[in-house]
Colleague: 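Below are the structure tokens for one structure; questions will follow.
If you read the sequence from its start, that first residue is 1, and numbering goes on from there.
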Amino acid sequence: QVQLVESGGGSVQAGGSLRLSCAASKSTTSFYCMGWFRQLPGKEREGVSINYGAGPTQYSEQYSESVKGRFTVSRDNAKNTLYLQMNSLKPEDTAMYYCAATYGGCLLREDTFAAWGQGTQVTVSS
């Protein structure tokens with residue numbers, strides 16, 4: 001069973017940047033699809049971005065409309081790590097961010113993912 005560990009969260013002012021990392025306990029080439037989700041207390045988990053493909057060097061990405069143009073997802077198979085570069089952060093980006101992975105295809109929906117990390121908190125102040 002894979003372990004996913006997120007890091008890189010923190011507090012930042014609006015307009016700032018953060019880079020989240022998701023370290024996997026096995027080779028990330030195993031996963032056709034990896035992604036990032038976020039969740040506010042009492043709300044459903046929202047898909048932020050997915051990175052998918054047969055690899056090992058070429059992947060496709062998809063983003064939610066709310067982060068398109070500001071966030072970039074990437075995968076480094078040599079380090080078994082998924083990243084989320086977040087620029088031009090807004091207060092509405094404040095949430096717990098989760099990494100996810102699955103062996104098959106996926107969508108920006110949590111029910112298409114099999115494995116999850118514990119999350120890392122991102123707080124953006126105005």
Side-chain angles (χ1 to χ4, degrees):
Q1 186 172 348
V2 64
Q3 303 293 323
L4 301 173
V5 180
E6 302 95 335
S7 62
S11 297
V12 65
Q13 288 193 325
S17 298
L18 284 173
R19 188 176 79 157
L20 304 184
S21 299
C22 171
S25 61
K26 64 184 295 184
S27 174
T28 48
T29 58
S30 303
F31 305 109
Y32 182 83
C33 194
M34 300 186 74
W36 290 97
F37 288 73
R38 65 188 183 187
Q39 187 174 27
L40 287 170
K43 294 197 172 182
E44 291 187 355
R45 207 168 288 188
E46 172 195 14
V48 174
S49 178
I50 56 175
N51 173 285
Y52 60 96
T57 58
Q58 290 191 342
Y59 293 96
S60 299
E61 295 84 44
Q62 186 177 345
Y63 299 90
S64 66
E65 287 300 319
S66 61
V67 307
K68 195 176 293 183
R70 300 187 298 122
F71 291 11
T72 303
V73 64
S74 61
R75 188 189 313 201
D76 187 338
N77 290 324
K79 297 181 179 180
N80 294 326
T81 302
L82 181 75
Y83 299 100
L84 184 68
Q85 178 66 43
M86 306 187 295
N87 298 328
S88 302
L89 282 160
K90 304 175 181 180
E92 50 264 43
D93 294 319
T94 295
M96 183 71 77
Y97 282 71
Y98 296 90
C99 173
T102 192
Y103 297 107
C106 67
L107 299 170
L108 277 169
R109 277 179 18 210
E110 63 176 311
D111 62 354
T112 62
F113 283 84
W116 293 86
Q118 294 299 307
T120 185
Q121 178 69 37
V122 171
T123 303
V124 184
S125 58
S126 57

Colleague: Among residues at least two apart in sequence or on other chains, which ones pass side-chain hydrogen bond (donor to acceptor under 3.5 Å, both in side chains) with Gln1?
Modeller: none
Colleague: Does the ring of Phe37 carry Arg45 above it, NZ/CZ under 6.0 angstrom from centre and within 45° of its axis?
Modeller: no
Colleague: Quick check: closest heavy atoms across Ala24 and Val2, and the distance to 0.1 Å?
Modeller: CB-CG2, 4.4 Å
Colleague: Donor-acceptor pair, distance only, cut-off 3.5 Å: does the side chain of Gln118 make one with the backbone of Glu6?
Modeller: no
Colleague: Distance from Leu4 atom CG to Ser25 atom OG, nearest 0.5 Å?
Modeller: 7.0 Å
Colleague: Return each pair, listed once, that meets disulfide (SG to SG under 2.5 Å) where at least one residue sits in residues 58-126; pairs must be two or more places apart or across chains.
Modeller: Cys22-Cys99, Cys33-Cys106
Colleague: Are the aromatic rings of Phe31 and Tyr103 close, with centres under 6.0 Å apart?
Modeller: yes
Colleague: Same hydrophobic cluster for Leu18 and Val67, using side-chain heavy-atom links shorter than 4.5 Å among ILVMFWY?
Modeller: yes
Colleague: Restricting to non-hydrogen atoms, name the atom on Ser88 and the atom on Ser17 that form the minimum distance, rounded to 0.1 Å.
Modeller: N-OG, 4.4 Å
Colleague: Return the CG to OG distance between Leu82 and Ser74, rounded to the nearest 0.5 Å.
Modeller: 7.0 Å
Colleague: With the side chain counted from C-beta on, respond yes when Leu89 and Gln13 share a heavy-atom pair under 4.5 Å apart, and no when they do not.
Modeller: no
Colleague: Can you check whether Thr72 reaches Tyr63 side chain to side chain, under 4.5 Å on heavy atoms?
Modeller: yes
Colleague: Is any side-chain heavy atom of Thr112 closer than 4.5 Å to one of Ile50?
Modeller: no
Colleague: Compare every heavy atom of Phe113 with every heavy atom of Gly35, then report the nearest pair and how far apart it is.
Modeller: N-CE2, 3.7 Å
Colleague: So among Thr28, Thr57, Thr29, which one has a side-chain hydrogen bond (donor to acceptor under 3.5 Å, both in side chains) with Asn77?
Modeller: Thr28
Colleague: So do Val73 and Met34 actually touch side chain to side chain, heavy atoms under 4.5 Å?
Modeller: no
Colleague: Using a 6.0 Å cut-off, check whether atom CD of Glu92 has over 12 heavy atoms from anything other than its own residue.
Modeller: yes
Colleague: Would you check if Asp93 and Met86 make a side-chain contact, meaning some heavy-atom pair closer than 4.5 Å?
Modeller: no
Colleague: Would you indicate whether the side-chain heavy atoms of Trp36 and Arg38 approach each other to under 4.5 Å?
Modeller: no
Colleague: Any idea which heavy atoms bring Pro91 and Ser125 closest together, and the distance?
Modeller: CG-C, 4.5 Å
Colleague: State the NZ-OG distance between Lys68 and Ser49, to the nearest 0.5 angstrom.
Modeller: 10.5 Å
Colleague: Anything under 30° is parallel, anything over 60° is perpendicular, the rest tilted; go ahead and classify Tyr32 against Tyr52.
Modeller: tilted
Colleague: Output the distance between atom OG1 (Thr102) and atom CD (Glu110), rounded to the nearest 0.5 Å.
Modeller: 13.0 Å
Colleague: Of the non-hydrogen atoms in Glu46 and Ser64, which two are nearest, and what is the gap between them?
Modeller: OE2-OG, 4.5 Å
Colleague: Is the ring pair Tyr97/Phe71 parallel, tilted or perpendicular, if the boundaries are 30 and 60 degrees?
Modeller: tilted
Colleague: CG of Leu20 to OG1 of Thr81: how many Å apart, nearest 0.5 Å?
Modeller: 12.5 Å
Colleague: Measuring from atom CD of Glu61 to atom CZ of Arg75, what distance do you get when rounded to the nearest 0.5 angstrom?
Modeller: 9.5 Å
